[in-house]
Amino acid sequence: MKKLLIVLMIACTGVLIPKGQAHAQLAIIDIIKAGVKKVIKAVDLKIQRQQNKVIWLQNAQKVIENTMSKLKLNEISEWTTKQKELYQQYFDELKKVKTLIAYYQRIREITLKQEAIVKEYRRAWSLVKNDKHFTVKEIELIGQVYTGILNESVKNIDQVFLVINSFRTQMSDAKRLEIINEAAGNVNQNYIDLRAFNTENGILSLQRAKSQQEVDQIRNLYGLQ
């Protein structure tokens with residue numbers, strides 16, 4: 001990231017991005033946007049279903065607890081092991097569902113941040129392309145950096161889908177948590193890198209301003225203090 005920023009600041013390369021790569025970059029954005037929306041929708045639906053299940057299980061839990069309280073079943077010799085196991089299944093299921101909801105909510109946070117990355121990119125890229133303070137070569141270099149960040153974003157989406165699909169297969173909670181934490185860390189770093197890069201672009205543009213009016217305008221557009 002730092003190397004790319006240095007390259008941009010001194011604009012010392014003459015590498016041009018082929019037109020095909022520009023189209024590929026737009027295609028990547030569309031894939032990310034579609035993927036993020038799909039994940040958020042899927043997560044929302046799963047959360048709602050699991051929450052409904054929690055409500056049902058919690059109601060069942062209350063009924064069980066009330067029955068145990070009234071009859072003092074723990075003190076009744078006829079309270080068999082089979083009955084205990086039967087009711088224990090309700091409690092185990094409730095715990096499992098609550099765990100799943102926690103996972104889904106965490107995943108949703110990740111995908112919402114991913115969506116924020118796409119929005120931030122679109123906003124910043126639109127500014128850079130129309131900023132007269134950048135040369136054509138510099139804009140091409142900026143595009144290369146954006147492409148790299150967005151390619152990493154695709155990997156984050158893949159990790160999210162991996163966790164969602166893992167609930168249909170055998171995977172330990174520890175492994176799911178590891179994947180979720182890794183995805184969360186990656187997406188946060190992508191967002192930080194993107195914001196930092198956009199700030200660097202804004203500062204560079206600001207340094208090339210020729211009037212106070214331009215300075216004020218750049219500060220406003222790039223969100224600089």
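All residue numbers in this chain count up from 1 along the given sequence.
- Between Leu224 atom CG and Ile203 atom CD1 the span is 6.0 Å, to the nearest 0.5 Å.
- No donor-acceptor pair under 3.5 Å is formed between the side chain of Gln114 and the backbone N or O of Val187.
- Rounded to the nearest 0.5 Å, atoms CD1 (Ile117) and CD (Glu152) are 10.5 Å apart.
- For Arg219, there are no salt bridge (Lys or Arg N to Asp or Glu O under 4.0 Å) partners, not counting sequence neighbours.
- Qualifying side-chain contact (heavy atoms from CB on, under 4.5 Å) partners for Gln217, counting only residues two or more places apart in sequence or in other chains: Leu221.
- When the side-chain contact (heavy atoms from CB on, under 4.5 Å) test is applied to Ser126, the partners found at least two apart in sequence or on another chain are Asn130.
- Remark: Asp158 pairs with Val154 by the side-chain contact (heavy atoms from CB on, under 4.5 Å) rule, at least two apart or across chains.
- Asn186 is linked by a side-chain contact (heavy atoms from CB on, under 4.5 Å) to Asn156, Gln159, Glu182, counting only residues two or more places apart in sequence or in another chain.
- Expressed to the nearest 0.5 Å, how far CD1 of Ile180 lies from CG of Leu162 amounts to 10.0 Å.
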Would you check, one step at a time, whether the test salt bridge (charged side-chain N to carboxylate O under 4.0 Å, His left out) holds for Glu138 with Lys129?
CA-CA 10 Å; Glu138 287 174 333; Lys129 288 190 299 183; over 6 Å; no

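- At least one side-chain heavy atom of Leu194 sits under 4.5 Å from a side-chain heavy atom of Tyr146.
- For Ser205 (side chain) and Asn201 (main-chain N/O), no donor-acceptor pair under 3.5 Å exists by modelled atom type.
- Ile179 is not listed as a side-chain neighbour of Arg176, based on a closest heavy-atom distance of 4.5 Å or more.
- Without hydrogens or angle criteria, Glu214 side chain to Lys210 main chain gives a donor-acceptor distance under 3.5 Å.
- Contact of the Val128 side chain with the Tyr222 side chain is registered, since non-hydrogen atoms from C-beta on lie closer than 4.5 Å.
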Before giving the answer on side chain to side chain contact (heavy atoms under 4.5 Å, CB included), spell out for Ile218 and His133 the whole-Å C-alpha distance, their side-chain angles and the decisive distance to 0.1 Å.
CA-CA 10 Å; Ile218 292 171; His133 299 108; 3.5 Å; yes

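- To the nearest 0.5 Å, atom CD1 of residue Ile149 and atom OH of residue Tyr191 are 12.0 Å apart.
- Rounding to the nearest 0.5 Å places CZ of Arg108 at 14.0 Å from NZ of Lys113.
- Classification of Glu109 and Arg106 as a salt-bridged pair holds, one side-chain N sitting under 4.0 Å from a carboxylate O.
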Between Asp131 and Phe134, is the side chain to side chain contact (heavy atoms under 4.5 Å, CB included) condition met? List the steps.
CA-CA 6 Å; Asp131 195 328; Phe134 294 112; 3.5 Å; yes

Does Asn198 form a side chain to side chain contact (heavy atoms under 4.5 Å, CB included) with Trp125? I'd like the steps, not just the answer.
CA-CA 9 Å; Asn198 292 339; Trp125 183 233; over 6 Å; no

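- Residues passing the side-chain hydrogen bond (donor to acceptor under 3.5 Å, both in side chains) test with Lys175: none are found, sequence neighbours excluded.
- The main-chain N or O of Asp216 is never found under 3.5 Å from a side-chain atom of Asn220 such that the two would form a donor-acceptor pair.
- In this structure, CG on Leu150 lies 8.5 Å from CG on Asn190, to the nearest 0.5 angstrom.
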